[in-house]
Peer 1: 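Below: one structure in structure tokens.
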Amino acid sequence: FRLTELPKNKDILVIQAHNIDQVDFFIPNTRGEYILKRSGSSIPMSERDSQHRAFIVSVGDLPENASVFIKMKSDISLQFGVSFQNFQEL
């Protein structure tokens, strides 16, 4: 999916699911380089961007017109929600 305008005052991207083995987020920095951030049920909490049961990644300082890429790995079929939130909404 692609968003043409990011929501204001939303600094995290949340994947709402519990059965995804691995989620790779490719987040652009201000220099246009992509940073890999991992989450998922097979990724230890200590290696995640946020130690939360949902799969969360910080997107606070995205450049204008940035693309965020998400890659998922699971052994079963998936249904999930994607939302932009701030930490107070969790």
Side-chain angles (χ1 to χ4, degrees):
F1 68 91
R2 182 179 294 257
L3 294 175
T4 56
E5 187 173 321
L6 292 175
K8 296 195 183 334
N9 301 320
K10 306 294 183 181
D11 54 0
I12 57 174
L13 175 64
V14 181
I15 304 288
Q16 298 159 331
H18 65 280
N19 57 351
I20 304 173
D21 297 329
Q22 184 173 320
V23 182
D24 292 343
F25 298 93
F26 299 89
I27 310 294
N29 62 19
T30 55
R31 295 185 307 251
E33 303 165 331
Y34 280 86
I35 308 298
L36 171 62
K37 297 183 179 185
R38 285 210 159 118
S39 194
S41 61
S42 68
I43 306 298
M45 286 284 188
S46 62
E47 295 179 21
R48 297 182 188 187
D49 195 46
S50 177
Q51 283 82 43
H52 192 277
R53 62 186 171 93
F55 308 133
I56 298 172
V57 67
S58 174
V59 293
D61 294 325
L62 285 177
E64 191 172 325
N65 297 321
S67 295
V68 173
F69 297 96
I70 302 170
K71 176 182 171 184
M72 296 183 191
K73 178 182 176 184
S74 182
D75 292 334
I76 60 174
S77 63
L78 296 175
Q79 284 189 342
F80 56 90
V82 177
S83 63
F84 284 93
Q85 299 179 14
N86 58 43
F87 279 107
Q88 292 77 23
E89 295 174 332
L90 290 179

Peer 1: On a heavy-atom basis, which atom in A66 and which in P28 lie closest, and how many Å separate them?
Peer 2: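 Scanning both residues, the minimum pair turns out to be CB-CG, 3.6 Å.
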
Peer 1: Determine whether F25 and I15 make a side-chain contact, defined as any pair of heavy atoms from C-beta on separated by less than 4.5 Å.
Peer 2: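 In short, these two side chains touch, coming nearer than 4.5 Å.
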
Peer 1: Could you tell me whether the side chain of L36 reaches within less than 4.5 Å of the side chain of F26, counting heavy atoms only?
Peer 2: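 When only atoms from C-beta onward are counted, L36 and F26 do touch, with a gap below 4.5 Å.
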
Peer 1: Mind checking whether V57 and I43 sit in one hydrophobic cluster, side chains of I, L, V, M, F, W, Y counted as touching below 4.5 Å?
Peer 2: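 Shared cluster, no.
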
Peer 1: Got a sec, which pairs hit salt bridge (Lys or Arg N to Asp or Glu O under 4.0 Å) with one end in residues 35-51, sequence neighbours left out?
Peer 2: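 Non-adjacent pairs meeting salt bridge (Lys or Arg N to Asp or Glu O under 4.0 Å): D24-R38, K37-D49.
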
Peer 1: Would I35 end up clustered with L13 when hydrophobic side chains under 4.5 Å apart are linked, directly or stepwise?
Peer 2: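 As far as the 4.5 Å side-chain criterion goes, L13 and I35 are not connected within one cluster.
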
Peer 1: Taking all non-hydrogen atoms of both residues, which atom of F55 and which atom of S39 are closest, and how far apart?
Peer 2: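 Closest heavy-atom pair between F55 and S39: CD2-OG, 3.3 Å.
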
Peer 1: List the atom pairs, donor and acceptor, that lie under 3.5 Å between side-chain atoms in residues 68-81 and the rest of the protein, sequence neighbours left out.
Peer 2:
residue	atom	partner	partner atom	Å
S74	OG	N19	O	3.2
S74	OG	I76	N	3.3
S74	OG	I76	O	3.4

Peer 1: Using only atom types and a distance under 3.5 Å, with no angle test, would you say the side chain of Q51 pairs donor to acceptor with the backbone of M45?
Peer 2: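 A pair under 3.5 Å: yes.
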
Peer 1: Check whether any side-chain heavy atom of F87 lies under 4.5 Å from a side-chain heavy atom of S58, and answer yes or no.
Peer 2: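 Side chain of F87 against side chain of S58, heavy atoms only: no contact under 4.5 Å found.
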
Peer 1: Considering all heavy atoms of both residues, which atom of S83 and which atom of Q16 are nearest to each other, and what is their separation?
Peer 2: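 Closest heavy-atom pair between S83 and Q16: OG-NE2, 3.5 Å.
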
